[in-house]
Amino acid sequence: MDEQAVLGLNPNADSDFRQRALAYFEQLKISPDAWQVCAEALAQRTYSDDHVKFFCFQVLEHQVKYKYSELTTVQQQLIRETLVSWLQAQMLNPQPEKTFIRNKAAQVFALLFVTEYLTKWPKFFFDILSVVDLNPRGVDLYLRILMAIDSELVDRDVVHTSEEARRNTLIKDTMREQCIPNLVESWYQILQNYQYTNSEVTCQCLEVVGAYVSWIDLSLIANDRFINMLLGHMSIEVLREEACDCLFEVVNKGMDPVDKMKLVESLCQVLQSAGFFSIDQEEDVDFLARFSKLVNGMGQSLIVSWSKLIKNGDIKNAQEALQAIETKVALMLQLLIHEDDDISSNIIGFCYDYLHILKQLTVLSDQQKANVEAIMLAVMKKLTYDEEYNFENEGEDEAMFVEYRKQLKLLLDRLAQVSPELLLASVRRVFSSTLQNWQTTRFMEVEVAIRLLYMLAEALPVSHGAHFSGDVSKASALQDMMRTLVTSGVSSYQHTSVTLEFFETIVRYEKFFTVEPQHIPCVLMAFLDHRGLRHSSAKVRSRTAYLFSRFVKSLNKQMNPFIEDILNRIQDLLELSPPENGHQSLLSSDDQLFIYETAGVLIVNSEYPAERKQALMRNLLTPLMEKFKILLEKLMLSQDEERQTSLADCLNHAVGFASRTSKAFSNKQTVKQCGCSEVYLDCLQTFLPALSCPLQKDILRSGVRTFLHRMIICLEEEVLPFIPSASEHMLKDCEAKDLQEFIPLINQITAKFKIQVSPFLQQMFMPLLHAIFEVLLRPAEENDQSAALEKQMLRRSYFAFLQTVTGSGMSEVIANQGAENVERVLVTVIQGAVEYPDPIAQKTCFIILSKLVELWGGKDGPVGFADFVYKHIVPACFLAPLKQTFDLADAQTVLALSECAVTLKTIHLKRGPECVQYLQQEYLPSLQVAPEIIQEFCQALQQPDAKVFKNYLKVTKRE
């Protein structure tokens with residue numbers, strides 16, 4: 001073995017050494033006999049370096065996993081003997097191997113086991129046990145091997161082929177028959193021997209029992225001697241967490257509902273009498289988290305039993321099960337309310353399912369009503385942030401609390417289903433008492449009070465947010481709370497969480513302001529001043545920008561009296577901040593998009609006459625145009641690349657802001673009515689010169705392209721004079737991505753204006769195609785995945801363009817390109833249908849072909865097209881489905897086959913009996929198709945119902 005190369009395996013080795021070691025590893029994996037060197041090194045303990053030993057196991061692992069079937073019987077025997085002799089040596093080693101080596105060894109044993117157990121090594125476990133006996137080091141390895149085997153056989157995270165899944169099922173069945181009782185006995189002996197002297201081995205063994213219990217006969221574990229031992233472990237501090245997990249797995253095992261109920265009840269009795277239900281006496285939160293999970297498992301198991309018994313009509317036992325569930329509720333509540341969120345989170349499943357039972361009962365007892373109220377109070381308390389929550393720099397702990405809050409929200413929704421009146425009354429009580437004294441109340445209590453009001457919107461669902469009509473008592477309660485929220489002054493609370501919750505709730509209940517519009521001015525001020533868009537926290541400013549936009553859009557009819565005032569107040573927030581400006585803007589460019597959209601919505605939806613709307617829109621957009629011209633000049637002169645990028649970004653933002661104002665318009669009609677066409681045409685003339693800027697092309701083109709998309713919707717044919725020049729610039733020096741993004745613009749123009757743009761399309765058709773072909777023909781490295789993907793996407797875009805042209809009734813655009821060019825285009829479509837294994841592109845190509853056949857395939861079609869149909873299109877319809885890559889398990893491929901069928905049907909429709917004759921007498925015989933199949937195929941093709949032929953093709957392809 002190259003010991004110098006192996007030195008690079010050490011994590012502290014430098015990168016050259018590491019590279020050499022990796023190359024050596026790859027070399028050994030390929031080498032037919034290198035594994036023997038490694039096997040010998042392990043058996044004879046040649047190396048003391050841990051990384052070398054690990055390396056040897058890796059080489060063996062590769063051999064067993066990928067090349068085992070290539071070995072001779074003698075070589076396979078050598079691997080078995082190597083592993084067993086390595087295991088024997090571990091009994092005598094003065095020091096145990098490092099954990100990572102033991103784990104890797106266990107993985108190799110497990111791989112060998114799944115490969116050989118059913119055939120050559122049925123006594124695998126007996127051989128291992130005879131070597132390890134009760135030696136602690138041997139037991140440790142035996143248990144690691146068992147865990148590795150379980151992982152190979154039942155781990156759902158490991159993806160298995162159907163063949164492996166079948167093999168694993170057979171292995172488990174064989175183990176159940178031949179050795180599981182012996183394995184269970186060995187576990188019992190290990191637990192009994194080591195429970196007081198070796199906690200590490202005992203915990204490992206408990207983990208093994210927990211893992212295997214899911215797929216072995218439960219009676220082997222759920223019996224007096226085993227359960228009593230596990231319960232005994234619950235009282236030993238170092239074992240009790242693992243014992244808890246093991247009991248959880250026992251309880252979770254599927255079994256008869258009555259037996260499950262008895263098992264859970266007997267466990268509960270013992271645990272309760274041992275004092276485990278006295279949660280407040282326990283200080284070890286790690287243990288309590290496991291215990292909470294166990295109680296959750298027991299509770300949910302009882303609920304599953306109850307459901308099954310009810311379904312089976314066994315009312316007597318169902319009643320017993322419900323009684324058993326009810327006796328666990330007090331414990332559940334103690335765990336739910338626990339200050340540690342992990343402990344609380346682990347019991348939520350039981351709590352949720354318990355509420356689901358109550359929802360199904362027609363009448364609730366007083367105790368059950370009290371339980372519902374207790375759960376409600378617990379949820380309200382646990383929703384509260386703690387002092388340590390870091391709002392400015394949220395990390396992992398904060399993310400976990402956010403997830404925990406989502407779980408609590410599900411509980412709250414379920415509570416609303418059980419007792420909506422009680423939930424509403426409870427929230428109202430908490431909300432009112434908190435907001436009465438908000439100035440002297442801690443932030444987390446104020447936040448949660450508002451949060452609860454916010455959560456009611458989803459917990460008490462109504463259609464289209466109509467919370468303030470219908471049920472009078474509910475509507476008036478929500479109206480009272482909203483009135484309190486907006487008049488209490490709580491929007492001034494000095495904490496970001498309260499501020500954000502205030503604005504979120506205002507927008508969630510925007511319908512309130514149609515009922516009580518008198519509160520709109522004070523809420524607008526909150527949005528616009530230091531509480532919202534000018535808050536000291538960037539996070540609050542950013543979120544408020546979005547919420548303000550939503551608020552104004554949803555209440556646009558109520559905004560008229562405030563429009564000018566709002567526009568004046570947001571003036572400074574609309575400023576484009578050039579890079580040399582130096583001062584930090586209050587809002588990011590993404591946030592400013594919402595402010596521009598809001599300004600557009602206010603102007604467009606106002607009740608002003610068209611001249612006033614035009615003047616306001618010009619005031620909004622003129623500063624952008626002026627800044628744009630100045631910045632574009634600066635960019636043209638700039639030498640520094642970093643400065644060029646920041647100037648281009650700023651120019652892009654200006655175009656984006658102008659684009660965003662147009663979202664207030666739905667079509668050209670609304671733009672005309674507002675008299676705004678002219679100002680947007682001015683924007684176009686201002687922005688288009690950026691396309692000829694040789695610097696930062698990607699950024700500038702992207703922005704202008706997006707603006708053109710919007711203007712096609714807003715200005716319609718008024719945009720057309722600008723398109724030829726814009727297209728010419730965008731086709732210069734193109735990359736795949738540029739073309740891919742340019743083609744949808746041309747598609748939009750083609751689909752919208754059709755015949756109006758025919759002269760333009762005819763003129764730019766071949767230049768566009770030349771640009772596409774030039775990019776597609778560029779050589780790329782063989783394994784450059786991103787280049788291959790870019791080309792695939794461009795190819796799809798190209799075919800989508802041809803589909804748009806043909807589908808918009810503009811086939812003359814293609815026909816007028818000259819015979820040579822037309823043929824070149826048609827050949828690319830045939831290639832797309834057959835040669836590239838991309839079903840999305842294939843589907844598009846067949847749509848193009850069937851459209852062209854429909855348009856040109858008749859007797860009066862272009863000269864030579866009928867020949868093309870028979871020489872190229874008909875063969876494509878057969879060659880594509882015959883490709884191995886044409887996989888009907890893929891939904892897109894099924895659609896491609898369907899379009900292929902439509903193409904053949906269209907050819908038959910246009911060419912009639914001539915087509916059938918060609919298939920019967922020339923084409924299909926040339927493929928050596930049997931006469932009876934040809935007959936069958938032609939009959940299916942001639943069926944009037946296209947579905948018949950499509951289904952026939954599917955069946956034929958599968959056969």
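If you read the sequence from its start, that first residue is 1, and numbering goes on from there.
- With Glu597 contributing its side chain and Ala664 its backbone, the two residues share no donor-acceptor pair below 3.5 Å.
- Among the candidates Arg701, Arg778, Lys791, the single residue satisfying the salt bridge (Lys or Arg N to Asp or Glu O under 4.0 Å) test with Glu735 is Arg778.
- The six-membered or imidazole ring of Tyr798 lies near that of Phe773, with a centre-to-centre distance under 6.0 Å.
- Using a 4.5 Å heavy-atom cutoff, the side chains of Val902 and Lys950 are in contact.
- If you take NE2 on His356 and CD on Gln360, they are separated by 4.0 Å, rounding to the nearest 0.5 Å.
- Looking at Gln762, its side chain never comes within 3.5 Å of a backbone N or O of Pro759 through a donor-acceptor pair.
- Checked by atom type, the side-chain pair Arg795/Gln792 shows no donor-acceptor distance below 3.5 Å.
- Between the side chains of Glu718 and Tyr680, no donor-acceptor pair of N or O atoms lies under 3.5 Å.
- Listed for the Asp945 side chain is a donor-acceptor partner under 3.5 Å among the backbone atoms of Lys947.
- In this structure a side-chain-to-backbone donor-acceptor pair under 3.5 Å is missing from Lys697 to Asp738.
- The pair Lys409-Glu458 meets the salt-bridge criterion, since a charged nitrogen lies less than 4.0 angstrom from a carboxylate oxygen.
- For the pair Gln920 (side chain) and Ile934 (backbone), a donor-acceptor distance under 3.5 Å is absent.
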For residues 837-853, which side-chain N or O atoms pair as donor and acceptor with protein atoms under 3.5 Å away, sequence neighbours left out?
{"unit_1": "Asp838", "atom_1": "OD1", "unit_2": "Arg796", "atom_2": "NE", "d": "3.4"}
{"unit_1": "Asp838", "atom_1": "OD1", "unit_2": "Arg796", "atom_2": "NH2", "d": "3.1"}
{"unit_1": "Asp838", "atom_1": "OD1", "unit_2": "Ile840", "atom_2": "N", "d": "3.2"}
{"unit_1": "Asp838", "atom_1": "OD2", "unit_2": "Arg796", "atom_2": "NE", "d": "2.9"}
{"unit_1": "Gln842", "atom_1": "NE2", "unit_2": "Ala833", "atom_2": "O", "d": "3.0"}
{"unit_1": "Thr844", "atom_1": "OG1", "unit_2": "Ile840", "atom_2": "O", "d": "3.0"}
{"unit_1": "Ser850", "atom_1": "OG", "unit_2": "Phe846", "atom_2": "O", "d": "3.1"}
{"unit_1": "Ser850", "atom_1": "OG", "unit_2": "Ile847", "atom_2": "O", "d": "3.1"}

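- In this structure the side chain of Glu936 reaches within 4.5 angstrom of the side chain of Tyr952, judged on heavy atoms.
- Side-chain contact check for Ser554 and Asn556: no donor-acceptor pair (N or O, by modelled atom type) lies under 3.5 Å.
- Of the N and O atoms on the side chains of Glu914 and Tyr870, at least one donor lies less than 3.5 Å from an acceptor on the other residue.
- The side chain to side chain contact (heavy atoms under 4.5 Å, CB included) search around Gln942 returns His908, Val916, Cys938, not counting sequence neighbours.
- When ring centroids are compared, Phe801 and Phe765 come within the 6.0 Å threshold.
- Arg710 and Ser659 form no side-chain donor-acceptor contact under 3.5 Å, judged by distance and modelled atom types alone.
- Judged by a 6.0 Å distance limit and a 45° cone about the ring axis, Arg705 is not positioned over the six-membered ring of Phe742.
- By the 4.5 Å heavy-atom criterion applied to side chains, Lys883 and Val834 are counted as neighbours.
- The closest donor-acceptor contact from the side chain of Arg176 to the backbone of Trp215 lies under 3.5 Å.
- The minimum heavy-atom distance between Glu812 and Ser758, with the atom names listed, is OE2-OG, 3.3 Å.
- Looking at every heavy atom in both residues, Ser808 comes nearest to Lys754 through O-CD, 3.9 Å.
- Taking 4.5 Å as the limit, some side-chain heavy atom of Lys172 sits within range of a side-chain heavy atom of Val154.
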